[in-house]
Number of protein chains: 2
Amino acid sequence: MRSKDEGPWKGLGEFIRAQRELAKLSVRQLSEMAKISNPYLSQVERGLYKPSADVLKSIANALQMSAETMYGQAGLLDDDETVDDAINRVEAAIKLDTQLTTEQKDTMMRIYRGFTQR
Amino acid sequence: MRSKDEGPWKGLGEFIRAQRELAKLSVRQLSEMAKISNPYLSQVERGLYKPSADVLKSIANALQMSAETMYGQAGLLDDDETVDDAINRVEAAIKLDTQLTTEQKDTMMRIYRGFTQR
DNA sequence: AGCGCGTGCTTGGTATACTTAGCAGACAAG
DNA sequence: CTTGTCTGCTAAGTATACCAAGCACGCGCT
């Protein structure tokens with residue numbers, strides 16, 4: 001994972017700073033709302049550090065934007081939306097189901113894949 | 001988030017482990033796909049560490065699920081991301097699937113409802 | 001001349017995410 | 001039996017996200 005160049009997520013800091021200034025908040029004000037320290041927010045805005053997901057979420061909430069928007073800006077969402085079709089929707093729904101045991105999921109997967117074999 | 005909530009991460013590791021076993025992958029196999037070390041994946045699955053967002057995304061990709069799904073399970077997506085109506089999700093996904101015949105959909109519905117009857 | 005309060009930034013440290021090297025058990029084949 | 005190769009896990013280290021304390025400036029007031 002370790003991205004070695006600093007550029008890519010530097011845009012995130014600029015984005016946060018822009019949003020903060022747009023909301024007319026000081027570094028300290030926003031940092032307090034987001035429950036992070038003010039020097040750290042300053043460093044994040046200048047691209048020195050890559051904030052973790054929960055910090056991002058916290059900042060997003062303080063700025064009244066959705067966490068997904070923030071993750072998108074951070075480049076943490078933009079992955080392979082390769083196959084958006086029904087196969088993955090069914091399989092994803094099964095996998096996510098909290099009521100099924102692993103064996104039951106396995107069974108449904110095998111049946112489903114058997115059906116969709118062509 | 002240095003706040004007081006320290007432990008509530010319970011489910012994520014178990015979730016990842018369940019998904020990995022569902023995909024019939026070893027710790028080493030998945031860790032290689034996700035480009036993380038195998039002991040670290042092991043520790044994550046046992047709830048010892050809280051993986052960062054990009055690691056989560058990487059694992060999600062390796063498991064062929066969307067990053068948002070993974071974030072949702074990790075509790076990193078904004079709270080209103082309720083997953084408790086997974087039932088409807090599975091049933092809806094099956095109904096909408098264009099690859100299944102009516103009889104096949106019926107079969108999966110019966111099996112699914114049989115599983116979730118308690 | 002101060003003083004007080006605001007701004008953002010630097011320093012130095014701690015906590016934790018993450019890695020590399022290696023261990024012990026299970027199973028298969030020679 | 002030994003040897004090789006899986007499995008997951010432990011131990012010990014490195015890298016970095018994050019915090020507390022403090023610095024340097026600017027602005028308004030007395």
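Note on naming: letters A, B, ... go to the chains in the order of the sequence lines (proteins, then strands), and numbering restarts at 1 for each one. Note that this is a predicted model, so its numbers are computed, not measured.
B/K57 has its side chain out of reach of B/M70: every pair of non-hydrogen atoms, C-beta onward, lies at least 4.5 Å apart. Proximity of B/F115 to A/K105: side-chain heavy atoms (C-beta onward) are nowhere separated by under 4.5 Å.
Rounded to the nearest 0.5 Å, atoms CD (A/E32) and CZ (A/R28) are 11.0 Å apart. For the atom pair OG1 (B/T107) and CD1 (A/I111), the distance works out to 8.0 Å, reported to the nearest 0.5 Å. One finds the CG atom of B/L30 at 8.5 Å from the OG atom of B/S58 (value rounded to the nearest 0.5 Å). Note that CD of A/Q73 and CD of A/Q19 are 8.0 Å apart. Values are rounded to the nearest 0.5 Å.
Put simply, CD on A/Q43 is 13 Å from C1' on D/dA21, counting in whole angstrom units. In this structure, A/I36 atom CD1 and D/dA17 atom P are separated by 13 Å, rounded to whole Å. Per the geometry, CG belonging to B/L41 stands 9 Å off P belonging to D/dG8, to the nearest Å. Atom NZ in A/K50 sits roughly 17 Å away from atom P in D/dA15 (whole-Å rounding). For B/R46 and C/dC18, the CZ to P distance is 16 Å, given to the nearest whole Å. Atom pair A/L48:CG and D/dC18:P shows a separation of 13 Å (rounding to whole Å applied). Counting to the nearest Å, the P atom of C/dT16 and the OH atom of B/Y49 are 10 Å from each other. D/dA15 atom P lies 17 Å from atom CG of B/D54, rounded to whole Å.
Heavy-atom distances under 4.0 Å link DNA chain D to B/R17, B/R20, B/S26, B/V27, B/R28 of residues 16-32 of chain B, given in residue order.
The residue among B/N38 and B/A53 whose nearest nucleotide of DNA chain C is located toward the 5' end is B/A53.
The side chain of B/S42 places an N or O atom within less than 4.0 Å of a non-bridging phosphate oxygen (OP1 or OP2) of D/dC9. For the pair B/S52 and C/dC18, the criterion of a side-chain N or O lying under 4.0 Å from OP1 or OP2 is met.
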Quick one: which protein N/O atoms are closer than 3.5 Å to N/O atoms of nucleotides 26-28 of chain D? Pair and distance per line, please.
none

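Among B/V44, B/I59, B/I36, B/L25, the single residue meeting the side-chain contact (heavy atoms from CB on, under 4.5 Å) criterion with B/S31 is B/I36.
Under the salt bridge (Lys or Arg N to Asp or Glu O under 4.0 Å) criterion, A/D106 pairs with B/K24, not counting sequence neighbours.
Of the possible polar contacts, one joining the A/Q104 side chain to the A/T101 backbone as a donor-acceptor pair under 3.5 Å is found.
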